[in-house]
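Following: one structure in structure tokens, then a few remarks.
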Amino acid sequence: MITVLKKGTTEEQMQTLIAWLREQNLEVHISRGSELTVLGLIGDTTHVDMDLIASLDIVDSCKRVSEPFKKCSRKFQPEDTVIEIGMAGTDKVRIGGGNFAVIAGPCSVETEEQVLCVAKAVKAAGATLLRGGAFKPRTSPYDFQGLKADGIELLLEAKKATGMPIVTEIMNAAHLPLFEDVDVIQVGARNIQNFELLKELGKINKPILLKRGLAATMKEFLMSAEYIMAGGNEKVILCERGIRTYETFTRNTLDLSAVPMLHELSHLPIIVDPSHATGVKTLVAPMAQAAVAAGCDGLMIEVHNDPTRALCDGAQSLTPEQFADTMRRVTRIRDVVTTI
């Protein structure tokens, strides 16, 4: 249920109403917009007299929300969420609400030389965050599984050298202590419905980048985000990374319709990963441009200093030079989109 307060409602009047609502065993989510304030009521609202609330002098309207996702719904929060990334005392990266960010780096962390080389190159080309896999979920048990804790240490070294916030994937809630200095924790496509992991991530105060599952509907995608937000962590970034279809020429099928659709359904920022979506390096740049044209809040692109020798996903990784060219193209498209 949502309650929209009239313009001019005082803080005291609002807090009096909130106190009464909480006495009804409801959780109240406050969304302050430029014109109106929206109270999102979470819990068993079947016993709440909606007509009584609507009749109050300070209430503009009151209605029930039919969607099962509440906290990530745009009905609960009409204004876009802006997520700030970075440590105190540093220039923070912002995603959402007109702020655009580019996450770039190798699929997997391999060596100190590789990570530092790529980090410096992508920063010079305009990337704002560094990605790199320390824990790698692989289809085959015989493939490279990542450097694990040592990989995170190498990312932190690159962070010190470049000042870029880092993004890396978690696979097990037991590993959370290793992620204390990681700026954004990524939940991969295979873990989108690992609900126990999502619940644990809901207990921390750190941005979570949630990737869409291989066959997840947009509703299922948002319900996974809801798990994190229901736990108290509202810093969620959605990532469209392609879904599995019958097509075989690409690794997955990039669902660009998800960008405007998710913006319509949710206030959370949505970024696009054209690398995992296509699996083909020649398709990364055009799909990145298309994603920007569709209105995404950012991109996630894989870059490797020597893709032919990459231990993971070399076929979809750009060289630093190719990434710099892609950034130039993306910038031009974004300049057009933001002036329309």
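These numbers were taken from a predicted model, which means no experiment stands behind them.
Val280 and Val303 end up in different hydrophobic clusters when Ile, Leu, Val, Met, Phe, Trp and Tyr side chains are linked at under 4.5 Å. Cluster membership check: Val284 does not share its hydrophobic cluster with Ile243, using side-chain heavy-atom separations under 4.5 Å among Ile, Leu, Val, Met, Phe, Trp and Tyr. Transitive grouping of hydrophobic side chains (ILVMFWY, heavy atoms separated by less than 4.5 Å) brings Phe100 and Met327 into a common cluster. Note on Phe69 and Leu210: same hydrophobic cluster, where clusters join Ile, Leu, Val, Met, Phe, Trp and Tyr whose side-chain heavy atoms are under 4.5 Å apart, directly or indirectly. At a threshold of 4.5 Å between side-chain heavy atoms, the hydrophobic network of Ile, Leu, Val, Met, Phe, Trp and Tyr places Val182 and Leu155 in one connected group.
Within 6.0 Å of NZ on Lys6 lie more than 12 heavy atoms contributed by other residues, nucleotides or ligands. By the 6.0 Å contact criterion, CD on Glu11 is enclosed, its count of non-hydrogen atoms from other residues, nucleotides or ligands being greater than 12. At most 12 heavy atoms of other shown residues, nucleotides or ligands fall within 6.0 angstrom of atom CG in Asn205. Sparse packing is recorded around CD of Glu112, with 12 or fewer heavy atoms of other residues, nucleotides or ligands lying under 6.0 Å away. Atom CD of Glu247 is surrounded by more than 12 heavy atoms from other residues, nucleotides or ligands within 6.0 Å. The number of heavy atoms from other shown groups lying within 6.0 Å of CG (Asp44) is above 12. Counting heavy-atom neighbours within 6.0 Å of Lys148 NZ, excluding the residue itself, gives a total above 12.
Between atom CG of residue Leu156 and atom OG1 of residue Thr168 there is a gap of 9.5 Å, rounded to the nearest 0.5 Å. To the nearest 0.5 Å, atom CZ of residue Phe323 and atom CD1 of residue Ile301 are 5.5 Å apart. Separating the CD1 atom in Ile83 from the CG atom in Asn99 is a distance of 11.0 Å, to the nearest 0.5 Å.
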Item to complete: Dump the intermediate steps for side chain to side chain contact (heavy atoms under 4.5 Å, CB included) on Lys235 and Glu84, then the final yes or no.
Response: CA-CA 9 Å; Lys235 299 177 181 179; Glu84 294 187 341; over 6 Å; no
So Val115 and Val118, side chain to side chain contact (heavy atoms under 4.5 Å, CB included) or not? Walk me through it. CA-CA 5 Å; Val115 175; Val118 174; over 6 Å; no
Exercise. Applying side chain to side chain contact (heavy atoms under 4.5 Å, CB included), run through Leu17 and Met14 and close with a yes or a no.
Key: CA-CA 5 Å; Leu17 175 57; Met14 182 179 72; 5.8 Å; no
Applying salt bridge (Lys or Arg N to Asp or Glu O under 4.0 Å), run through Glu27 and Lys71 and close with a yes or a no. CA-CA 11 Å; Glu27 180 184 344; Lys71 289 199 169 184; 2.6 Å; yes
- Verdict with reasoning, Thr37 to Thr9, per side chain to side chain contact (heavy atoms under 4.5 Å, CB included): CA-CA 9 Å; Thr37 297; Thr9 298; over 6 Å; no
For a quick test of your reading: what N or O donor-acceptor pairs under 3.5 Å do the side chains of residues 186-193 make, sequence neighbours left out?
{"residue": "Gln186", "atom": "NE2", "partner": "Glu169", "partner atom": "OE1", "Å": "3.4"}
{"residue": "Arg190", "atom": "NH2", "partner": "Thr139", "partner atom": "OG1", "Å": "3.0"}
{"residue": "Asn191", "atom": "OD1", "partner": "Asn194", "partner atom": "ND2", "Å": "3.1"}

Counting only pairs under 3.5 Å, give me each side-chain donor-acceptor contact of residues 125-134, with atom names and distances, residues two or more places apart or in other chains.
{"residue": "Thr128", "atom": "OG1", "partner": "Val102", "partner atom": "N", "Å": "3.0"}
{"residue": "Thr128", "atom": "OG1", "partner": "Val102", "partner atom": "O", "Å": "3.2"}
{"residue": "Arg131", "atom": "NE", "partner": "Pro106", "partner atom": "O", "Å": "3.2"}
{"residue": "Arg131", "atom": "NH2", "partner": "Cys107", "partner atom": "O", "Å": "3.0"}

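Using a 4.0 Å cut-off between charged nitrogen and carboxylate oxygen, Asp313 and Arg251 count as a salt-bridge pair. A salt bridge links Lys75 with Glu67: the distance from a Lys NZ or Arg NE/NH1/NH2 to an Asp or Glu carboxylate oxygen falls below 4.0 Å. With salt bridges taken as basic N to acidic carboxylate O contacts below 4.0 Å, none links Asp60 and Lys7. A salt bridge does not link Asp335 to Arg332: none of the charged nitrogens lies less than 4.0 Å from a carboxylate oxygen. Look at Lys159 and Asp183 and you find a salt bridge, because one of the NZ, NE, NH1 or NH2 atoms lies within 4.0 Å of a carboxylate O, short of that distance.
Side-chain atoms of Glu79 never come within 3.5 Å of backbone atoms of Ser31 as a donor-acceptor pair (strictly under, hydrogens ignored). When atom types are taken as modelled, the side chain of His267 and the backbone of Val82 share no donor-acceptor pair closer than 3.5 angstrom. Side chain of Gln15 to main chain of Glu12: no donor-acceptor pair is present (N/O by atom type, distance under 3.5 Å, no hydrogens or angles). Side-chain atoms of Glu226 come within 3.5 Å of backbone N or O of Cys72 as a donor-acceptor pair. Of the possible polar contacts, none joining the Glu153 side chain to the Ala149 backbone as a donor-acceptor pair under 3.5 Å is found. Between the side chain of Ser275 and the backbone N or O of Glu302 there is at least one donor-acceptor pair closer than 3.5 Å. Of the possible polar contacts, none joining the Arg22 side chain to the Leu26 backbone as a donor-acceptor pair under 3.5 Å is found. For Arg329 (side chain) and Ile333 (main-chain N/O), no donor-acceptor pair under 3.5 Å exists by modelled atom type.
With Leu5 as the fixed residue, the side-chain contact (heavy atoms from CB on, under 4.5 Å) test singles out one of Val59, Leu56, Ile30, Thr10: Val59. Exactly one residue among Leu299, Asp297, Val336 makes a side-chain contact (heavy atoms from CB on, under 4.5 Å) with Val292. That residue is Leu299.
Taking Ile, Leu, Val, Met, Phe, Trp and Tyr as members and joining any whose side-chain heavy atoms lie under 4.5 Å apart, directly or through other members, the hydrophobic cluster of Ile42 also contains Ile2, Val4, Leu36, Val38, Val65, Phe76. Here Phe249 is tied to no hydrophobic group at all, with no ILVMFWY side chain closer than 4.5 Å. Hydrophobic cluster membership for Leu116: none, as no Ile, Leu, Val, Met, Phe, Trp or Tyr side chain comes under 4.5 Å of it.
Contacts of Thr217 classified as side-chain contact (heavy atoms from CB on, under 4.5 Å), with partners at least two apart in sequence or in another chain: Lys219, Glu220.
Side-chain contact of Asn252 with Thr250: a donor-acceptor pair under 3.5 Å is absent, judged by distance alone. Between Gln77 and Thr81, the side chains place a donor N or O and an acceptor N or O closer than 3.5 Å (distance only, hydrogens not considered). Residues Thr253 and Arg244 have side chains that never bring a donor and an acceptor to within less than 3.5 angstrom of each other. Between the side chains of Asn172 and His175, no donor N or O sits under 3.5 Å from an acceptor N or O. Between the side chains of Lys206 and Asn233, no donor N or O sits under 3.5 Å from an acceptor N or O. Side-chain atoms of Gln13 and Thr16 include no donor-acceptor pair closer than 3.5 Å. Side-chain contact annotation: His263 with Asp80, donor-acceptor N/O pair under 3.5 Å absent.
The heavy-atom pair separating Ala288 from Thr326 by the smallest distance is CB-CG2, 4.3 Å. Leu209 and Cys239 get closest at one heavy-atom pair: CD2-CB, 3.6 Å. The two residues Ala293 and Val337 make their nearest non-hydrogen contact at CA-CG2, 3.8 Å. Pairing each heavy atom of Glu240 with each of Ile270, the nearest pair is N-CD1, 3.8 Å. Nearest heavy-atom pair across Ser257 and Pro260 is O-CD, 3.3 Å. For Lys281 against Pro307, the heavy-atom pair with the smallest separation is NZ-CB, 3.8 Å.
Contact annotation: the side chain of Met218 approaches that of Leu262 to within less than 4.5 Å [non-hydrogen atoms, C-beta and beyond].
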